[in-house]
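Working notes, structure below.
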Amino acid sequence: MNDKKNIIDPVKLIKYYKLINHNLIYNNKAINRYKKDSFEISADKLDNLDKLKKAIHNIRNCSLKDNAKNMVFSDGNPRSKIMLIGEAPGANEDEEGLPFVGRAGALLDKMLSAINLDRKKVYISNIINYRPPENRRPTDEEIRRYLPFITKHIEIINPKILVLLGSTAMNSLIGDEVVISKMRGKWIEKNFGNCKTSVIITFHPAFLMRQPAQKKMAWIDLKMIRDKKI
Ligand code: URA
């Protein structure tokens, strides 16, 4: 008998898994031999994030990009089950190349710590990756241009919980016809490509700084996130 026949070539096996998009990693244990890829960042995930970053970096004829100092891609843990999305970078974020590092970011950090989370444990990005001049709201055209990138970003991270901070994130990803006062504080099941996730909308921290009376509503939303079984 030819023993070689029974030896599985690992290179071929990996190619096969990639081919069938298996998204599973092999586990030696007798039971549960195929274990879902939920704790490890797969090489593919980091690779995909890298490709996405490059694609954004290669955008042409975009005045936001041309006027910004840095691309603001993300912060936090790509393995996190919780992803938060804001609107667009401000001056501090543009300077540092990281989302939510200014005053709104300080409030966001406090909101997260109120439910025992910190920014290094969640994953944070924005609808738009470059700072709009004077911190103006991004135009519809700008949002349309960046929407495929943030949608892909969500798909790659594949969070169990997606928190949309403010109306821009909500209207861009859920639809124009909805208003935040009606939509906040509810779970919405939504698919982004292959990612099926539970979405919750809450107020943007910059709005809460202007309207502190609304913090009590944001607290309700935060407790929903804290208590969600994932
Ligand atoms: N506001 C946002 O929406 N995003 C940031 O990164 C900073 C402020």
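First listed ligand is number 1; within each ligand, the first listed atom is number 1.
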Side chains of H153 and Y123, donor plus acceptor under 3.5 Å: yes
Excluding L98, membership of its hydrophobic cluster (Ile, Leu, Val, Met, Phe, Trp, Tyr; side-chain heavy atoms within less than 4.5 Å) reads V101
Mind checking the NZ-CG spacing from K51 to N58? Nearest 0.5 Å is all I need. 13.5 Å
Please state which part of E87 comes within less than 4.0 Å of ligand 1, counting heavy atoms only: side chain, backbone, both or neither. both
Hphob cluster co-occupancy, F192 + M83, side-chain heavy atoms under 4.5 angstrom: yes
Which residues satisfy the salt bridge (Lys or Arg N to Asp or Glu O under 4.0 Å) test with R184, sequence neighbours excluded? D221
List every atom of ligand 1 that sits less than 4.0 Å from any heavy atom of [X], numbering the atoms from 1 in the order shown and giving each element.
X	result
P99	6 (O)
H204	1 (N), 2 (C), 3 (O)
G86	3 (O)

Do any N/O atoms on F100 end up under 3.5 angstrom from N/O atoms on ligand 1? yes
Checking the N or O distance criterion of under 3.5 Å, is ligand 1 in contact with A88? yes
Tell me the protein heavy atom at minimum distance from atom 4 (N) of ligand 1, and give that distance in Å. N126 OD1, 2.8 Å
Is the ring pair H204/F100 parallel, tilted or perpendicular, if the boundaries are 30 and 60 degrees? tilted
